[in-house]
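Here is the structure we will look at.
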Amino acid sequence: VDALRPQAEAMRAALAKAPAPDFAAKPDCEHAASNPLAVRMSLSPAGRCIVAHGQAVSDPRVTGQAMVDDMTTDLRSRVAAIKAPVTLLYPRGGPVPSAMADALYAAAYKDVAGARLVPIDGSAHFIMQDQPAAFATALDAALAR
């Protein structure tokens, strides 16, 4: 957490300089492929359009605070207390190398008894946009467990 705090604060500062959101904005799918955040978060044109639009209509102050909270809240010591069945669908094959993604999620959930980790290949952060059929199949299987 301490190592991530400067990065989180820098992201909040950058977001504070962003223009006010245009809540009436319509999706601009034509320019989504040049949006750096959209490109990192989704591999599909439709997914990138959704990410870019979400960014355009989100309040940067709220987004910045959410990023800081997410990046500086460490719950690793508490995951072993989870007793409910856990199935984690995670992206693989996007900007993060597959081996790194596998290791990251395995380490993060190693203390959750019976956790089931399911990689969704060919996806970045928003797996439901990049691989909707694989996401739906994996979600159905998890819910049937």
Side-chain angles (χ1 to χ4, degrees), residues 1-82 84-112 115-143:
V1 168
D2 290 334
L4 287 176
R5 191 172 306 281
Q7 181 183 355
E9 292 296 343
M11 291 172 72
R12 178 178 20 207
L15 283 166
K17 296 175 187 171
D22 179 359
F23 297 119
K26 302 291 183 226
D28 179 7
C29 297
E30 183 179 333
H31 295 99
S34 62
N35 179 304
L37 177 66
V39 169
R40 283 194 315 275
M41 295 294 183
S42 182
L43 303 179
S44 73
R48 288 176 174 172
C49 183
I50 290 168
V51 171
H53 182 63
Q55 185 180 18
V57 297
S58 296
D59 187 319
R61 296 167 302 151
V62 174
T63 303
Q65 185 61 50
M67 292 297 298
V68 169
D69 292 346
D70 182 54
M71 293 174 73
T72 62
T73 301
D74 188 357
L75 299 174
R76 290 176 293 180
S77 66
R78 297 176 62 192
V79 297
I82 297 172
V86 172
T87 298
L88 176 76
L89 310 181
Y90 70 92
R92 188 164 65 179
V96 175
S98 295
M100 186 182 292
D102 294 341
L104 173 78
Y105 289 103
Y109 289 86
K110 68 180 174 35
D111 295 329
V112 179
R116 186 170 161 251
L117 305 181
V118 180
I120 305 295
D121 289 318
S123 62
H125 185 78
F126 290 106
I127 60 177
M128 70 290 286
Q129 297 300 327
D130 292 336
Q131 298 297 331
F135 174 79
T137 299
L139 180 61
D140 286 345
L143 294 173

Between Ser42 and Gly47, the two heavy atoms sitting closest are OG-CA, 3.2 Å

Set out, in order, the CA-CA distance, both residues' side-chain angles and the distance that settles side-chain contact (heavy atoms from CB on, under 4.5 Å) for Gln55 and Asn35, then state yes or no. CA-CA 10 Å; Gln55 185 180 18; Asn35 179 304; 2.8 Å; yes

Kindly give the heavy-atom pair with the smallest separation between Val68 and Ala8, and that separation in Å. CG2-O, 3.5 Å

I'd like to know whether Leu4 forms a side-chain contact (heavy atoms from CB on, under 4.5 Å) with Thr72, so could you lay out the CA-CA distance, the side-chain angles of the two residues, the decisive distance to 0.1 Å, and finally the verdict. CA-CA 7 Å; Leu4 287 176; Thr72 62; 5.5 Å; no

How many angstroms lie between atom CD1 of Ile120 and atom CG of Leu139, to the nearest 0.5 angstrom? 9.5 Å

Which pair of heavy atoms, one from Arg40 and one from Ala124, lies closest together, and at what distance? O-CB, 3.6 Å

Check Gln129 against Ser44 and note the closest heavy-atom contact, atom names and distance. O-OG, 3.3 Å

May I ask you to check whether Asp121 and Gln131 show a side-chain donor-acceptor distance below 3.5 Å? no

Yes or no on side-chain contact (heavy atoms from CB on, under 4.5 Å) for Arg116 and Val118, after CA distance, side-chain angles and deciding distance? CA-CA 6 Å; Arg116 186 170 161 251; Val118 180; 3.9 Å; yes

Any side-chain to backbone donor/acceptor pair from Ser58 onto Gly54? Under 3.5 Å, distance only. yes

Between Leu37 and Val51, is there a side-chain heavy-atom distance shorter than 4.5 Å? yes

Gap separating the CE atom of Met41 from the CZ atom of Arg48, nearest 0.5 angstrom: 12.0 Å

Between Gly93 and Leu43 the two heavy atoms that sit nearest each other are O-CD1, 4.0 Å

Separation between CG of Leu143 and CG of Asp140, rounded to the nearest 0.5 Å: 6.5 Å

Within the side chain of Asp74, is there an N or O that forms a donor-acceptor pair under 3.5 Å with the backbone of Val1? no

Atom pair CE (Met128) and OG (Ser123), whose distance is rounded to the nearest 0.5 Å: 9.5 Å

Would you list the atom pairs, donor with acceptor, under 3.5 Å between side chains in residues 101-111 and any protein atom, with sequence neighbours excluded?
from   : atom 1 : to    : atom 2 : distance (Å)
Asp102 : OD1    : Tyr90 : OH     : 2.6
Asp102 : OD1    : Arg92 : NH1    : 3.0
Asp102 : OD2    : Arg92 : NH1    : 3.0

Residue pairs passing the side-chain hydrogen bond (donor to acceptor under 3.5 Å, both in side chains) test where at least one lies in residues 9-22, sequence neighbours excluded: Glu9-Arg12, Arg12-Gln65

Which atom names give the shortest non-hydrogen contact between Pro21 and Asp59, and what distance separates them? CG-CA, 3.8 Å

Within the side chain of Thr137, is there an N or O that forms a donor-acceptor pair under 3.5 Å with the backbone of Ala134? no

